[in-house]
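These notes are about the structure you will find just below.
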Amino acid sequence: MPKEIPSRFDPGEVERRWQSGWAEAGLFTAPSAPAGPRFAIVLPPPNVTGVLTLGHMLGDTVMDVLARRQRMKGAAVLWLPGLDHAGLATQVAVRRHLAKENVRLEDLPRERILEQIGRWKEAREATIRAQTVAAGFSVDWTRYRYTMDERSVRATREVFVRLFRDGLLYRGERIVNWDPRLRTAVSNLEVVHREEAAELLYLCYRWEDGSPGGLVVATVRPETIFGDVAVAVHPDDPRHAGAIGRKVRVPLVDRPVPVIADAAIDRDFGNGALKVTPAHDLLDHEIGRRHPELGAPPTILDEAGRLSGENVPEAYRGVDRAVARELVTTALEAAGAIVRREPYRHSVARSERSDDVIEPRLSTQWFVRLGALAPPAVEAVRTGAVRIHPDRWELTFFRWVESLEDWCISRQVVWGHAIPVHYCETCGEVIASVDPPDACPKCEGRRLRPDPDVLDTWFTSWLWPFVTLGWPERTPELARYYPTSVLVTGRDIMFFWVARMMMAGARFAGGPPFDHVYFTGMLRDETGRKMSKHLGNSPEPLDLIRRTGADALRFALLHPNPVDQDGPFTEATLEGGRNFLTKIWNLGRFLLGHLPDGAAAPGRAPDLDPGSALENRWILARWRATAESVDAALDGFEPTVAASLLYQFLWHDVADRYVEMAKDALRGDRGEIAQRDARAVLLFVLERTLRLLHPFVPHVTEELWHALPHEGEWLAVSPWPLPADAPADPEAVAAMEVLWDGIRTLRNLRAEADVPAAELPEARLLPTSPESERILLARSDLLTRLGRVSRVTWIAESSGAPEGAARSVTPHGEYFLVRPAASLGPAGGLAREREKLQTILDRTRARLADEGFRARAPAHVVAEAEEKARELSDRIRRIDGAPASAPSGGP
RNA sequence: GGGCCGGUCGUCUAGCGGUUAGGACGUCGCGCUUACAACGCGGAGAUCGGCGGUUCGAAUCCGCCCCGGCCCA
């Protein structure tokens with residue numbers, strides 16, 4: 001009795017069963033100190049901000065494919081999962097969540113905030129875990145890490161202290177990107193620029209000495225005039241040459257400020273005069289630094305973006321900058337200070353996290369000198385120590401990494417790693433230490449004040465590849481799994497994360513943290529928009545898994561999808577995945593129905609009868625070619641190509657062709673030897689293909705593999721198949737070309753002649769060559785059965801076919817379909833075919849007639865063209881009914 | 001303003017110097033042929049964004065232009 005499996009594939013039950021099976025067997029637990037080949041991936045830890053999106057699923061699927069394949073290849077595989085506390089982003093998410101209950105996060109005491117965030121984290125973490133398990137990702141849960149766990153905290157502090165000690169990290173007063181809503185500094189990368197409408201005001205700064213007129217200054221931020229310390233013009237600007245050195249009065253407050261010259265002024269903007277507000281603009285700040293005589297610049301905005309300070313008139317203090325802008329504009333208008341107003345579009349900096357307008361603000365923060373850390377990272381990519389895939393992203397990497405600004409790492413929020421610094425209240429010493437100090441090492445004073453800020457979340461993330469392996473301890477894991485094999489991620493965090501990890505790795509772990517970086521494409525929805533949490537157009541992965549199973553989702557994420565660019569994911573894509581799973585399942589069922597009792601697991605290659613049928617030899621050769629291509633695609637980081645190759649092979653070569661051709665033999669209609677061969681071949685091909693497919697769709701393949709005769713306990717750790725297990729057999733591939741041409745032609749003629757489905761007309765056939773004749777003759781059974789004709793008879797020449805038969809001429813032969821009952825209409829298809837062939841022939845002949853072509857094209861190209869012309873003209877002659885030329889070739 | 005990517009059947013894409021330009025989805029026709037209608041068989045459908053150039057030969061290389069997207073300033 002053949003083994004039975006359910007006629008319908010129930011992914012939910014099957015997938016859960018294998019997930020717990022693999023887990024209980026501990027298949028994904030990496031050995032600490034393996035000998036031999038090893039393969040390591042550190043999973044980019046998802047943020048607790050949310051749960052896994054489809055984009056995560058895509059990246060994780062790619063990682064799983066790579067990891068599972070390596071496991072089958074016998075490598076010690078470590079795939080390390082984790083979770084990122086995502087400091088500011090999480091605080092913002094929780095803040096938004098609280099706002100729905102009318103609670104302002106800022107109003108809560110620190111402990112309550114941490115408690116709220118802690119609860120939030122627990123919930124997301126549980127969901128992310130559930131998602132990862134349900135998708136069948138083969139991560140090593142025993143090595144799960146969190147960016148805020150004890151070891152991460154210590155490692156982060158360690159890095160801070162070392163960088164501080166080495167002078168690569170400093171505290172200083174700089175213009176930073178200030179987010180007034182979140183009341184914190186953010187890094188350059190967390191700022192997004194957008195074109196927005198504004199109004200450009202031309203303000204007249206009157207001369208201090210009361211002489212008529214003044215300097216006209218253009219600005220979109222009139223509320224900042226209270227922070228003005230000067231008006232600057234270009235030193236070579238003839239319009240303003242006489243103004244330099246004079247003084248003007250700031251409108252509304254009449255405070256006198258000097259007119260200075262600075263080469264940074266854009267003469268074409270406005271009237272070529274710029275109001276200088278060093279505390280609230282980066283360019284102005286630099287100008288201010290070049291003109292120390294201007295003194296310390298006044299700050300006129302507080303941390304919430306409200307006007308404040310002595311320089312601001314009472315009436316505007318405490319007023320938000322946006323409101324203040326309108327009030328000031330009105331007042332300026334009333335004072336007659338506005339010369340002109342015009343609509344203006346300009347680029348506005350907004351906070352990626354809060355979307356509030358970023359205010360450049362002078363403040364004291366901690367910075368990392370990235371420029372000093374970058375060279376080894378650049379070098380690694382340049383020398384190929386780190387390879388980026390697709391490689392065109394190297395350009396983008398270089399461009400960014402070669403023009404680095406210092407990285408502002410301090411944040412004025414609650415959620416994050418505390419900055420490991422204390423200040424001595426006695427002597428002012430700055431103490432950076434991993435463990436909090438008891439006393440000042442300099443003056444032994446005991447009054448120490450901790451730094452109130454926390455670290456940018458990326459200051460932990462950039463250490464991830466080695467911190468997760470135990471750094472700064474010298475663990476066996478660090479020794480064996482660092483550098484990791486590949487980093488798979490989205491290119492949106494190339495600067496935030498990938499580049500910085502390379503810098504940190506080189507500095508602290510002795511080299512770059514991975515050999516390869518693979519950037520996945522990004523998913524788009526049916527309207528072409530990028531999927532994002534923000535747009536809400538990303539389906540919940542667990543919903544999709546519930547509907548179609550994880551395997552279907554995983555496969556759909558890779559097929560059909562662009563090789564290395566963004567691709568769409570729609571309802572139809574998912575359906576495609578599900579359909580493929582059904583196909584695999586049914587192929588498995590079919591095979592099980594044809595296995596003899598006690599069949600053995602397929603060996604290295606099926607033991608075939610020497611004269612075994614063409615289809616057997618052909619499908620083995622096709623399997624080998626597929627296995628080779630799949631290997632090449634995966635080695636080249638083209639998982640979507642590998643998925644498509646397997647899809648094509650299993651569905652169209654195995655299911656549509658081989659199984660249909662071998663059905664007679666499998667049933668036993670062609671004798672015992674043929675049956676034994678076909679069974680052995682089908683079992684071999686399917687078993688080996690299940691192995692190739694396992695990394696992509698692990699559950700269904702594990703399920704079917706267990707139902708088949710097999711060796712070993714788990715497909716998940718069975719050997720990855722070797723292409724050489726099957727012969728290449730180019731002869732069989734060429735012969736199948738001839739045979740399939742015949743089958744296709746007969747099917748074609750039937751459809752063209754409108755033959756009713758039940759009717760089996762007779763076919764006549766005139767092969768082009770003895771070789772074709774031999775092949776077709778040997779398998780006339782297949783021509784008959786798959787071509788759906790009653791019988792095939794061989795004729796010696798075209799005239800041997802009856803009047804009115806439907807006719808087709810192919811490179812391998814002439815085919816006639818004879819209908820006993822009805823007569824066939826004129827073969828319109830043949831005429832069209834003739835016309836098409838004639839066009840190609842004309843084109844080819846024109847090429848051959850061209851002296852330049854004959855003289856310069858490589859000999860084989862000319863020979864091919866000649867061969868093509870011969871074949872085409874021969875075929876056309878045969879269509880025209882001229883006596884067939886000698887079967888061996890043309891004139 | 002700078003940079004990158006893309007523009008190929010209705011749609012999504014493969015091809016990246018010599019191909020009868022390949023596939024998937026959709027569409028049309030015929031079929032419930034005992035693994036699978038979540039399927040099979042067959043058909044129609046693209047002069048490869050535009051203009052120039054290089055070349056014996058260009059969807060493929062170069063230049064300019066137009067359109068869409070992304071990144072940086």
Side-chain angles (χ1 to χ4, degrees), chain A residues 5 7-9 188-189 191-193 347 349 390 392-400 403 491-492 494-495 521-522 524 526 528-530 548 552 559-573 575-594 640-641 644-645 647-648 651-652 654-656 659-660 663 666-667 682 743-758 785-788 811 829 832-833 836-837 839-841 843-844 846-858 860-862 864-865 868 871-872 875:
Chain A
I5 58 173
S7 63
R8 277 187 83 84
F9 177 47
N188 296 344
L189 287 176
V191 175
V192 290
H193 297 265
S347 172
R392 73 181 118 92
W393 292 105
E394 287 183 4
L395 277 176
T396 311
F397 170 83
F398 285 133
R399 235 168 42 74
W400 184 74
S403 60
R491 57 186 186 261
D492 51 333
M494 175 173 358
F495 306 143
M522 302 222 181
R524 289 173 309 175
E526 53 284 328
R529 294 176 308 173
K530 234 168 44 175
T548 65
H559 172 90
N561 245 326
V563 177
D564 60 13
Q565 61 180 31
D566 299 353
F569 187 92
T570 65
E571 200 58 32
T573 317
E575 238 172 72
R578 182 201 54 183
N579 293 354
F580 183 55
L581 265 286
T582 306
K583 195 51 137 178
I584 299 174
W585 185 253
N586 281 311
L587 215 36
R589 284 179 57 214
F590 177 80
L591 170 59
L592 286 169
H594 288 279
T640 63
V641 171
S644 296
L645 285 164
Y647 176 94
Q648 211 62 27
W651 199 312
H652 298 306
V654 178
D656 290 348
V659 165
E660 292 308 322
K663 265 180 180 169
L666 286 165
R667 231 183 272 125
L682 185 57
I743 293 168
R744 201 191 311 117
T745 303
L746 291 177
R747 286 172 167 180
N748 229 310
L749 284 171
R750 279 187 61 97
E752 236 173 71
D754 277 332
V755 178
R785 185 157 57 82
L786 300 182
R788 309 254 323 131
R832 233 180 304 121
E833 176 75 3
K836 193 169 125 197
L837 294 175
T839 310
I840 301 163
L841 177 59
R843 207 189 302 155
T844 310
R847 251 199 315 161
L848 285 167
D850 183 342
E851 276 313 305
F853 176 67
R854 287 192 169 279
R856 286 174 222 233
H860 78 274
V861 174
V862 177
E864 275 161 25
K868 196 199 319 188
E871 194 272 316
L872 286 169
R875 191 132 58 107

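Each chain gets a letter, A, B and so on, in the order the sequences are listed, and its residues count up from 1.
Salt-bridge check for Lys868(A) with Glu864(A): failed, with every basic side-chain N at 4.0 Å or more from each acidic carboxylate O.
Residue Arg875(A) places a side-chain atom within donor-acceptor reach of the base of rU20(B), judged by atom type and a 3.5 Å distance cut-off alone.
In this structure, rU54(B) forms no base pair with any nucleotide, since neither Watson-Crick nor G-U wobble geometry is met with both distances under 3.5 Å. Across all strands shown, rG42(B) pairs with rC28(B); the Watson-Crick or G-U wobble distances both stay below 3.5 Å. The nucleotide rA35(B) finds no pairing partner, because no Watson-Crick or G-U wobble arrangement with both distances shorter than 3.5 Å includes it. Across the strands present, rA14(B) finds no partner; the criterion is a Watson-Crick or G-U wobble pair with both atom distances under 3.5 angstrom. A 3.5 Å limit on both hydrogen-bonding distances identifies rC67(B) as the Watson-Crick or G-U partner of rG6(B). Pair assignment for rU19(B) gives none, since no Watson-Crick or G-U wobble pairing has each distance under 3.5 Å. Nucleotide rC48(B) forms no Watson-Crick or G-U wobble pair with any nucleotide shown, as no partner meets the under 3.5 Å limit on both distances.
Rounded to an integer number of Å, the gap from Leu645(A) CG to rA24(B) P is 14 Å. When the P atom of rC41(B) is taken as reference, atom CG of Leu749(A) falls 17 Å away, rounded to whole Å. Rounded to whole Å, the distance from CZ on Arg744(A) to C1' on rU20(B) is 13 Å.
Among residues two or more places apart in sequence or in another chain, the salt bridge (charged side-chain N to carboxylate O under 4.0 Å, His left out) test is passed with Glu660(A) by Lys663(A). Remark: Pro390(A) pairs with Arg392(A), Trp393(A), Phe519(A), Asp564(A) by the side chain to side chain contact (heavy atoms under 4.5 Å, CB included) rule, at least two apart or across chains. Residues passing the salt bridge (charged side-chain N to carboxylate O under 4.0 Å, His left out) test with Arg854(A) are Glu866(A), sequence neighbours excluded. Qualifying side-chain hydrogen bond (donor to acceptor under 3.5 Å, both in side chains) partners for Thr573(A), counting only residues two or more places apart in sequence or in other chains: Thr570(A). Qualifying side chain to side chain contact (heavy atoms under 4.5 Å, CB included) partners for Phe495(A), counting only residues two or more places apart in sequence or in other chains: Leu189(A), Thr396(A), Trp400(A). By the salt bridge (charged side-chain N to carboxylate O under 4.0 Å, His left out) test, Glu571(A) pairs with Arg547(A), sequence neighbours left out. Partners of Asp566(A) under the side chain to side chain contact (heavy atoms under 4.5 Å, CB included) rule, at least two apart in sequence or in another chain, are Arg491(A), Met522(A), Arg524(A). Arg843(A) pairs by the salt bridge (charged side-chain N to carboxylate O under 4.0 Å, His left out) definition with nothing, not counting sequence neighbours.
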When you compare the protein's N or O atoms with those of nucleotides 55-57 of chain B, which come within less than 3.5 Å of each other, and at what distance?
| unit_1 | atom_1 | unit_2 | atom_2 | d |
| --- | --- | --- | --- | --- |
| rC56(B) | OP1 | Arg856(A) | NE | 3.1 |
| rC56(B) | OP1 | Arg856(A) | NH1 | 2.5 |
| rC56(B) | O2' | Asp850(A) | OD2 | 2.9 |

Between the protein and nucleotides 58-63 of chain B, list every N/O to N/O distance that falls short of 3.5 Å.
none

Nucleotides 4-15 of chain B: which of its N/O atoms have a protein N/O under 3.5 Å away?
| unit_1 | atom_1 | unit_2 | atom_2 | d |
| --- | --- | --- | --- | --- |
| rU13(B) | OP1 | Arg524(A) | NH2 | 2.6 |
| rA14(B) | OP1 | Val563(A) | N | 3.4 |

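At a threshold of 4.5 Å between non-hydrogen side-chain atoms, the residues Val862(A) and Phe853(A) count as touching.
Residue contacts for Lys836(A): at a heavy-atom cut-off of 4.0 Å it reaches a base atom on one of the strands shown. Arg747(A) comes within 4.0 angstrom of the backbone, heavy atoms only, and of no base.
Mapping Phe9(A) and His860(A) onto RNA chain B via the closest heavy atom, the residue that lands nearer the 5' end is His860(A). Nearest-nucleotide positions on RNA chain B place Pro811(A) closer to the 5' end than the other of Pro811(A) and His193(A).
In terms of heavy-atom proximity, Leu786(A) sits nearest to Ile743(A) at CB-CG2, 3.8 Å. Nearest heavy atom pair, residue Ala865(A) against residue Arg847(A), reads CB-NH2, 4.4 Å.
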_Contact pattern, 5' to 3', of nucleotides 25-35 of chain B - B, S or - by protein heavy atom under 4.0 Å_ = ------S---B
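Phosphate proximity of rA24(B) to His652(A): present, with a side-chain N or O under 4.0 Å from OP1 or OP2.
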